[in-house]
Amino acid sequence: IGFQKVKSVLSLKPYDNAAKLFQDAGLAMLNSMGGASGVIFSSMFLNCFRGQPPVTEAGVADFAAGYERALAAIKQRGKAEKEFYHHLKR
């Protein structure tokens, strides 16, 4: 359900900014997924590019840094189960 909503939301307009695309994807997940998974996955997308300069193209290094920011946000929330967090950290 969550990624079907993401697909629907992202198909409404073109994106030239990775941060905005990830923000809209995260909000779509947050508003359509229930339970802890909705909070965890939306946090990953919402925090991936948060606070970063706008980029029109994202490379591997951008995603790697974004993934680390996302993991830190999940850990900070304190809502991620320990085992789930460790699977993401691998």
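Values reported hereafter were calculated over all heavy atoms of this structure, with side chains retained and with hydrogens, waters and symmetry mates removed. In this chain, numbering begins with 1 at the start of the sequence shown.
- In this view, S8 satisfies the side-chain contact (heavy atoms from CB on, under 4.5 Å) rule with no residue, not counting sequence neighbours.
- From R50, atom CZ reaches atom OG of S43 across 8.5 Å, with rounding to the nearest 0.5 Å.
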Inset, instruction - Quick one: do Y15 and D24 satisfy side-chain contact (heavy atoms from CB on, under 4.5 Å)? Show the steps, please. - result: CA-CA 10 Å; Y15 287 89; D24 286 356; 2.5 Å; yes
Inset, instruction - Could you please spell out the steps behind the side-chain contact (heavy atoms from CB on, under 4.5 Å) verdict for M33 and K5? - result: CA-CA 9 Å; M33 296 170 68; K5 182 66 173 175; over 6 Å; no
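- Between V9 and A28, the closest heavy-atom pair is CG2-CB, 3.9 Å.
- In this structure, S42 and G26 approach most closely via the heavy-atom pair CB-O, 3.2 Å.
- Considering only heavy atoms from C-beta on, V55 stays 4.5 Å or farther from N17 through its side chain.
- F3 and L21 end up in the same hydrophobic cluster when Ile, Leu, Val, Met, Phe, Trp and Tyr side chains are linked at under 4.5 Å.
- Note on V39: it does not cluster hydrophobically with L27, by side-chain heavy-atom contacts below 4.5 Å among ILVMFWY residues.
- Shown here are the salt bridge (charged side-chain N to carboxylate O under 4.0 Å, His left out) partners of K7, two or more places apart in sequence or in another chain: there are none.
- By the rule that hydrophobic residues join a cluster once side-chain heavy atoms approach within less than 4.5 Å of another member, I74 and F45 end up as members of one cluster.
- Counting only heavy atoms from C-beta outward, the side chains of V6 and M29 approach each other to under 4.5 Å.
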Inset, instruction - Tell me, with the steps shown, if Q23 and F49 meet side-chain contact (heavy atoms from CB on, under 4.5 Å). - result: CA-CA 8 Å; Q23 179 184 14; F49 287 98; over 6 Å; no
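- L71 places none of its side-chain heavy atoms less than 4.5 Å from the side chain of K75.
- Under the 4.5 Å side-chain contact rule for hydrophobic residues, L10 and F22 share a cluster.
- Judged purely by atom type and a 3.5 angstrom limit, N47 has no side-chain atom pairing as donor or acceptor with the backbone of M44.
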